[in-house]
Q: 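Quick one: the structure is below, questions incoming.
In what follows, chains are A, B, ... by sequence order, proteins preceding strands, each numbered from 1.
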Amino acid sequence: MKKESTHHERLDDFDIYGFQHDLITWFEREQRDLPWRKDQDPYKVWVSEIMLQQTKVDTVIPYFNSFIEQFPNIQSLAEAEEDRVLKAWEGLGYYSRARNLQSAVREVHESYAGIVPNTPKEISTLKGVGPYTTGAILSIAYGVPEPAVDGNVMRVLSRILLIRDDIAKPKTRKVFEEVIRDLISKENPSFFNQGLMELGAMVCTPTSPSCLLCPVREHCRAFAEGVQRELPVKTKKKSTKQVALVAGIFKDKDGRFLIHRRPSEGLLANLWEFPNFVKVDELGTAKQQLLQLMKTEYGLNVALGEYVCDIKHVFSHLVWDVNVYVGSWDGELLEGSDLVPVTEEEMKEFAFPVSHQNMWKEYLKTVE
DNA sequence: AATACGGGGGA
DNA sequence: TCCCCAGTATT
């Protein structure tokens, strides 16, 4: 007859309370002083968690401070222009996070009287709030014992509990969630979850973990077996596609430059950019194609000048190789044209992807 | 289950 | 180079 157990089988012979205590007291003692840890305002916890998705703490800090200064609460973000929100997110990447956050904040403003909901069901229906962020907000802002499984947590627990499931597989996250439901401190789920992540960031790092400094070393099965460097198991993804582009920085006699808003869906949605096109080898030189496409796409006659630079920009799933030219334009923009003429000063108000910021920097060097 | 979606930094 | 990062939405 199977032995009856109140815990997940992977926790057999595991000192749950000792582990909770050692982790939480270490976090109380050693946690970093971070701007989103000054209070537990659910809105600020929420903003920080969205910004921290796939993004390092050091990168997020200045963005978080500036964002909270501009949008200090639910109402201010709900009522803001989307372009201002994108500008505040400029350079941080994964821009749908910003648009989803504002959309969800508007829903909380309108449907929840401005109070961030505190149940898994309600909170996980908000745009941009998935399983990880649901658990993070609930535990950190409201003290609800929900798992918050991110990359850190999977790495740390794969070592502690010797879990060899491939963390690249979607279903593996559920394995960790089920274990954590039995492992999490019901008294202090906030510090338990944050402690796991802090440990992953500071001690139990991907390569060469600092096991000799680890507060939960005596609980770690991988350390006991000497296999901590073999975990977690993670299959690697495939490489990126190459895309060749040609772009133009076009100025008129009054010093106005042509920019263009990207489509509302897909890569870099709703951000601004200099006119550019996918280059096709069979259709002549980059310069010829730029000239031709400005005419057919925008009905605009341009004169092309010097080659500015070649910008290489790496995304997670593709690589842009952009040939950049200067040029000039004259006359009228077509009715309904997507092109907007702006001065150098006005350009500062628009959110550009980093690749196009770099094109602009290179252009400024050539006119010095 | 696989893919799209940014950008920076470390080894 | 390759990998990782306080992941989510879409297909």
Q: List in chain and number order the residues that pass side-chain hydrogen bond (donor to acceptor under 3.5 Å, both in side chains) with A/Lys121, two or more places apart in sequence or in another chain; answer none if no residue qualifies.
A: none
Q: Look at A/Lys174 together with A/Asp165 and state whether they make a salt bridge at an N to O cut-off of under 4.0 Å.
A: no
Q: Report the nucleotide, chosen from B/dG6, B/dA1, C/dC4, that has the shortest atom-to-atom distance to any side-chain atom of A/Lys234.
A: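 The answer is C/dC4.
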Q: Please figure out whether A/Thr172 or A/Leu318 has its closest DNA chain B nucleotide nearer the 5' end.
A: A/Thr172
Q: Counting only side-chain heavy atoms from C-beta out, which of B/dG7, C/dG7, B/dA1 sits nearest to A/Thr133?
A: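 Ranking B/dG7, C/dG7, B/dA1 by closest atom to the A/Thr133 side chain puts C/dG7 first.
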Q: By nearest atom, which of the nucleotides B/dG7, C/dA6, C/dC5 is closest to the A/Tyr132 side chain?
A: C/dA6
Q: Looking at residues 41-55 of chain A, who's got a heavy atom less than 4.0 Å off DNA chain B?
A: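 Contacting residues: A/Gln54, A/Thr55.
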Q: Would you check if the distance from the ring center of A/Phe64 to the ring center of A/Trp36 is below 6.0 Å?
A: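 They qualify: ring centres under 6.0 Å apart.
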Q: What is the separation between atom CZ on A/Arg155 and atom P on C/dG7, rounded to the nearest whole Å?
A: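 My rounded result for the distance is 10 Å.
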Q: Measure CE/A/Met197 against C1'/C/dC5 and give the value in whole Å, please.
A: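 The distance from CE of A/Met197 to C1' of C/dC5 comes to 13 Å, rounded to the nearest Å.
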Q: With a 4.5 Å cut-off on side-chain heavy atoms, are A/Gln40 and A/Tyr142 touching?
A: no
Q: Take A/Gln194 and A/Ser190 through the side chain to side chain donor-acceptor pair (under 3.5 Å) test and state the conclusion after the steps.
A: CA-CA 6 Å; A/Gln194 292 188 77; A/Ser190 169; 3.0 Å; yes
Q: What integer distance in Å separates A/Arg173:CZ from C/dG7:C1'?
A: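 Distance check: A/Arg173 CZ to C/dG7 C1' gives 9 Å.
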Q: Any side-chain donor-acceptor pair under 3.5 Å between A/Glu146 and A/Thr134?
A: no
Q: For nucleotides 8-11 of chain B, print each protein N/O atom paired with a nucleotide N/O atom at under 3.5 Å, atom names and distance only.
A:
none

Q: Once side chain to side chain donor-acceptor pair (under 3.5 Å) is applied, what residue pairs with a partner in residues 67-82 of chain A remain, sequence neighbours excluded?
A: A/Ser66-A/Gln70, A/Asn73-A/Ser76, A/Gln75-A/Glu79, A/Glu82-A/Asn270
Q: Roughly, in whole Å, what's the span from OH in A/Tyr63 to P in B/dG7?
A: 9 Å
Q: Among C/dA6, B/dA4, C/dT8, which nucleotide sits nearest the side chain of A/Trp36?
A: C/dA6
Q: Under 3.5 Å, side-chain donor or acceptor atoms of residues 205-227 of chain A against the rest of the protein: list the pairs with distances, not counting sequence neighbours.
A:
from, atom 1, to, atom 2, distance (Å)
A/Thr205, OG1, A/Thr207, O, 3.2
A/Thr205, OG1, A/Ser208, O, 3.4
A/Arg217, NH1, A/Cys211, O, 3.3
A/Arg217, NH1, A/Leu212, O, 2.9
A/His219, NE2, A/Asp22, OD2, 2.7
A/Arg221, NH1, A/Arg10, O, 3.0
A/Arg221, NH2, A/Asp12, O, 3.0

Q: Taking the nucleotide of DNA chain B with the closest heavy atom to each, which residue, A/Tyr95 or A/Lys241, is nearer the 5' end?
A: A/Lys241
Q: Is DNA chain B part of any stem, that is, at least 3 consecutive Watson-Crick or G-U pairs with both distances under 3.5 Å, and where?
A: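 If one scans DNA chain B for consecutive Watson-Crick or G-U pairs, the stems found are B:1-5 with C:7-11, B:7-11 with C:1-5.
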Q: Looking only at side-chain atoms of A/Asn152, point me to the closest of C/dA6, B/dC5, B/dG7.
A: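 Taking heavy atoms from C-beta onward, the closest nucleotide is C/dA6.
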